[in-house]
Amino acid sequence: LEDLLIRLLDAGFRSFCPHSQTVRREAYRAVEDQILVDSQKDTEEVMLGLELHTPKDILKAFARRGIVPQYWKLFVEAFLWCVKTHVPYAQSDDMEELDKPYNSYAKAVTQSVAIPAIEAYKDLKSYFRSKLFTIGVPRFWNRIPEADKATFGQDFYRALLTENPDMLNFFAATDMDS
């Protein structure tokens with residue numbers, strides 16, 4: 001059941017953001033698999049890793065996309081409804097189990113997916129409340145002269161694409177004005 005759920009979540013995430021599922025983009029890797037920051041470099045794993053190797057990575061990715069805890073409750077309910085209505089080979093004892101308010105299927109999905117997903121969401125919120133974001137980012141932004149703030153994004157991408165012309169293909173279909 002857990003393997004089925006993980007494959008379902010992986011497929012769900014990939015369909016959630018199909019524009020990022022091109023061969024070139026999939027082959028593009030961050031410089032490091034794990035980005036480490038702050039003074040606790042050996043122990044603090046950032047919530048922003050790009051690779052989806054484990055179930056935890058997939059759930060973190062959902063959290064980054066804004067999937068809030070309430071949606072995971074709906075996920076459990078939808079999964080149970082699908083099993084109940086779309087599994088033609090279910091045995092009568094399976095159907096009886098599904099009729100119970102908090103059945104073994106609900107427990108399995110809740111423990112395998114919903115609880116870890118909610119924890120990933122809470123971890124992400126805590127991460128963005130860390131000193132890096134509450135002090136470091138504002139401090140960095142305040143060091144940029146007001147006149148340069150308006151063109152910061154343009155300057156960033158101009159430098160990025162000038163120094164890395166091979167990355168232009170990643171932005172070929174991007175409409176910067178929309």
Side-chain angles (χ1 to χ4, degrees), residues 1-38 43-130 132-134 137 169-178:
L1 180 63
E2 189 170 321
D3 188 47
L4 169 71
L5 290 170
I6 295 309
R7 282 189 271 149
L8 178 67
L9 289 172
D10 185 56
F13 185 78
R14 292 179 188 283
S15 67
F16 190 52
C17 96
H19 62 279
S20 69
Q21 301 305 317
T22 61
V23 174
R24 284 189 218 145
R25 193 174 287 266
E26 286 290 340
Y28 180 70
R29 300 277 191 245
V31 175
E32 298 174 341
D33 285 341
Q34 298 297 326
I35 303 169
L36 300 173
V37 295
D38 217 359
T43 58
E44 185 177 334
E45 178 184 335
V46 172
M47 297 289 296
L48 307 177
L50 301 175
E51 301 297 322
L52 304 179
H53 295 296
T54 66
K56 191 174 182 177
D57 294 339
I58 295 169
L59 296 174
K60 286 178 185 178
F62 274 109
R64 289 192 309 269
R65 291 284 182 190
I67 303 300
V68 296
Q70 298 87 317
Y71 292 147
W72 292 109
K73 181 180 183 293
L74 296 174
F75 173 83
V76 173
E77 292 172 7
F79 183 84
L80 294 175
W81 176 82
C82 287
V83 171
K84 197 174 203 179
T85 59
H86 291 79
V87 180
Y89 50 84
Q91 301 295 318
S92 60
D93 57 339
D94 291 331
M95 298 309 283
E96 289 172 15
E97 178 68 21
L98 283 167
D99 288 332
K100 295 177 184 175
Y102 192 64
N103 56 64
S104 60
Y105 293 97
K107 287 178 188 174
V109 176
T110 300
Q111 291 171 352
S112 299
V113 178
I115 290 173
I118 292 168
E119 288 171 356
Y121 179 82
K122 288 179 179 178
D123 290 346
L124 182 68
K125 284 185 76 168
S126 295
Y127 176 69
F128 283 117
R129 290 184 187 124
S130 70
L132 173 67
F133 289 96
T134 58
V137 172
N169 292 334
F170 295 122
F171 300 95
T174 303
D175 181 7
M176 297 303 281
D177 295 324
S178 64

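The figures that follow rest on heavy atoms only: side chains count, while hydrogens, waters and symmetry mates do not.
Atom CD of Gln70 sits about 8.5 Å away from atom CG of Leu74, to the nearest 0.5 Å. The distance from the CD1 atom of Ile67 to the CD1 atom of Ile118 is 12.5 Å, given to the nearest 0.5 Å.
Results of the side chain to side chain contact (heavy atoms under 4.5 Å, CB included) test with Phe79 over Thr110, Val113, Val109 single out Val109 as the only residue that passes.
The side chain to side chain donor-acceptor pair (under 3.5 Å) test applied to Gln111 returns no partner, not counting sequence neighbours. Considering only residues two or more places apart in sequence or on other chains, Val137 meets the side chain to side chain contact (heavy atoms under 4.5 Å, CB included) condition with Phe133. Remark: Lys73 pairs with Glu77 by the salt bridge (Lys or Arg N to Asp or Glu O under 4.0 Å) rule, at least two apart or across chains.
The pair Lys100-Glu97 meets the salt-bridge criterion, since a charged nitrogen lies less than 4.0 angstrom from a carboxylate oxygen.
Ring centroid separation for the pair Trp72 and Phe62 comes in under the 6.0 Å cut-off.
Residues Leu124 and Lys60 fail the side-chain proximity criterion, which asks for heavy atoms closer than 4.5 Å. At least one side-chain heavy atom of His86 sits less than 4.5 Å from a side-chain heavy atom of Trp81. In this structure, Thr134 and Phe128 have side chains that are not in contact, with every pair of non-hydrogen atoms separated by 4.5 Å or more.
Applying the salt bridge (Lys or Arg N to Asp or Glu O under 4.0 Å) rule to pairs touching residues 84-96 yields Lys84-Asp99, sequence neighbours excluded. Applying the salt bridge (Lys or Arg N to Asp or Glu O under 4.0 Å) test to residues at least two apart or on different chains, none of the pairs has a partner in residues 104-114.
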